[in-house]
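Read the structure below first, then the notes.
Every heavy atom of this structure was used, including side-chain atoms; hydrogens, water molecules and symmetry mates were not.
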Amino acid sequence: MANTVEYILSLKDQCSGKLTSIGIANDQQLATWAKVQQQVNATNNTMKKYGKHAIRQQGAKIVLFQFDKWDAKFAKEVKNLIGEKVHGKYFITGNEDKIYDF
């Protein structure tokens with residue numbers, strides 16, 4: 001039992017610096033952060049899921065996405081769609097006159 005407690009304390013100590021650097025100072029903040037991370041992970045494949053569904057089950061020829069801003073996450077999602085042989089277009093809010101193919 002003592003070894004288990006020592007190991008857990010060691011793990012917490014290795015993480016404490018990283019947690020503090022992102023503003024997590026107590027268990028309640030850690031629990032909130034964990035919930036946020038779960039939501040992020042749940043939405044990571046949303047584009048892929050719905051893009052595939054539109055093409056394969058609903059018979060769409062292409063999919064269209066609107067982004068409020070463009071970032072690396074969305075670039076990765078579009079790349080995943082291309083890998084799944086899902087094609088479509090996207091535009092960024094504020095630049096609706098520029099429509100990009102993928």
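Using a 4.5 Å cut-off between side-chain heavy atoms of Ile, Leu, Val, Met, Phe, Trp and Tyr, with links allowed through other members, Val86 and Ile82 fall into the same hydrophobic cluster.
Atoms NZ and CE, from Lys73 and Met47 in turn, are 9.0 Å apart once rounded to the nearest 0.5 Å. A distance of 11.0 Å separates CZ of Phe65 from OH of Tyr50, quoted to the nearest 0.5 Å. Going from atom NZ of Lys49 over to atom CD of Glu84 covers 14.0 Å, rounded to the nearest 0.5 Å. Separating the CG atom in Leu81 from the NZ atom in Lys52 is a distance of 9.5 Å, to the nearest 0.5 Å.
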Give every donor-acceptor pair under 3.5 Å between a side-chain atom in residues 95-102 and any protein atom, sequence neighbours left out.
unit_1, atom_1, unit_2, atom_2, d
Glu96, OE1, Gly94, N, 3.3
Glu96, OE2, Gly94, N, 3.1
Asp101, OD1, Lys89, NZ, 2.5

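Phe74 meets the ring pair (Phe, Tyr, Trp, His ring centres under 6.0 Å) test with Phe67; sequence neighbours excluded.
Grouped with Ile62 in a hydrophobic cluster is no other residue, since no side-chain heavy-atom contact under 4.5 Å to another Ile, Leu, Val, Met, Phe, Trp or Tyr is found.
Here the shortest heavy-atom pairing between Ile92 and Asp68 reads CG2-O, 4.0 Å.
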